[in-house]
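Working notes, structure below.
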Amino acid sequence: MKYWLMKSEPEVFSIDDLAKSKNQTTYWDGVRNYQARNFLRDEIKIGDKVIFYHSNSEPPGAAGICEVVKEGYPDFTAFDPENHHYDPKSKMDSPTWFMVDIKLIKKFFHFVSIDEMRENKKLQTMKLLQRGNRLSVIPLTKQEYDEIVRLGK
DNA sequence: GCCAACGTTGGC
DNA sequence: GCCAACGTTGGC
């Protein structure tokens with residue numbers, strides 16, 4: 001089993017939106033970065049755990065835990081010219097972009113802000129905290145994942 | 001294949 | 001709203 005951190009802007013889609021979704025499940029659409037795409041297509045498996053991270057918010061931080069319930073399949077929003085994430089390069093018969101489905105396990109009792117993560121000794125090596133990081137799907141070690149979950153309660 | 005210009009991300 | 005960092009694009 002692997003561990004991941006996925007970023008979402010809560011103005012667009014927050015953990016509360018996920019909690020209100022049918023079966024508390026959503027498809028993770030709109031990833032348009034090749035490195036993140038490779039994770040979604042090739043590496044993220046059913047049962048993997050995901051930290052749901054709020055980016056571009058006040059404050060940014062980890063909001064809860066999810067589980068992968070469907071593995072990489074074509075991101076259909078890329079095929080829809082009306083969609084904000086439309087990409088004419090992605091074809092139905094050879095899709096460029098992929099997504100997975102995730103289901104909410106729980107919203108953290110305590111929101112773990114990025115400041116709190118920066119101050120935590122066990123989380124120093126997280127890619128999330130490294131300078132200039134812009135990846136929206138980030139692998140975590142089990143130790144990092146467990147520590148965030150511990151902080152979030 | 002280089003690299004300047006441009007667009008996006010995301011913390012602050 | 002600013003801007004550093006980074007990825008992508010496109011002219012050459």
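Reminder, nothing fancy here: chain letters follow the sequence lines and each chain counts from 1.
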Quickly work out the [X] [atom1] to [N] [atom2] distance and round it to whole Å.
X: Arg37(A); N: dT8(C); atom1: CZ; atom2: C1'; answer: 14 Å
X: Met117(A); N: dG10(B); atom1: CE; atom2: C1'; answer: 13 Å
X: Asn133(A); N: dG10(B); atom1: CG; atom2: P; answer: 7 Å
X: Arg32(A); N: dT8(B); atom1: CZ; atom2: C1'; answer: 14 Å
X: Lys89(A); N: dT8(C); atom1: NZ; atom2: P; answer: 9 Å
X: Asp115(A); N: dC12(B); atom1: CG; atom2: C1'; answer: 10 Å
X: Leu5(A); N: dT9(B); atom1: CG; atom2: C1'; answer: 15 Å
X: Leu135(A); N: dT9(B); atom1: CG; atom2: P; answer: 12 Å

Original post:
Would you say the side chain of Asp101(A) lies within less than 4.5 Å of the side chain of Trp28(A), judging by non-hydrogen atoms?
Top reply: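 No; the side chains remain at least 4.5 Å from each other.
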Subject >> Within residues 48-57 of chain A, residues whose heavy atoms come under 4.0 Å of DNA chain B >> reply: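 Nucleic-acid contacts, sorted: Tyr53(A), Ser55(A), Asn56(A).
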Subject >> Side-chain N,O (Lys7(A)) to OP1/OP2 (dT9(B)) below 4.0 Å >> reply: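 For dT9(B), OP1/OP2 do not have a side-chain N/O of Lys7(A) under 4.0 Å.
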**OP:** Verify the neighbour count for atom NZ of Lys45(A): are there more than 12 heavy atoms of other residues, nucleotides or ligands below 6.0 Å?
**Re:**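 For Lys45(A), atom NZ is crowded (more than 12 foreign heavy atoms under 6.0 Å).
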Subject >> Other residues, nucleotides, ligands: >12 heavy atoms within 6.0 Å of Lys107(A) NZ >> reply: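 Result for NZ/Lys107(A): open.
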Original post:
If you look at every heavy atom in Gln124(A) and Glu119(A), which pair is closest and at what distance?
Top reply: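 The answer is NE2-C, 4.2 Å.
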Original post:
Is the Phe52(A) ring parallel, tilted or perpendicular to the His54(A) ring (thresholds 30°, 60°)?
Top reply: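 Phe52(A) and His54(A): perpendicular rings.
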**OP:** Using atom types as modelled and distance alone, determine if a side-chain donor or acceptor of Asp17(A) lies under 3.5 Å from a backbone N or O of Ser14(A).
**Re:**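 Yes, Asp17(A) side chain to Ser14(A) backbone: donor-acceptor pair under 3.5 Å.
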Original post:
dT9(C), dT8(C), dG11(B): which one has an atom nearest the side-chain heavy atoms of Tyr34(A)?
Top reply: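 That would be dT8(C).
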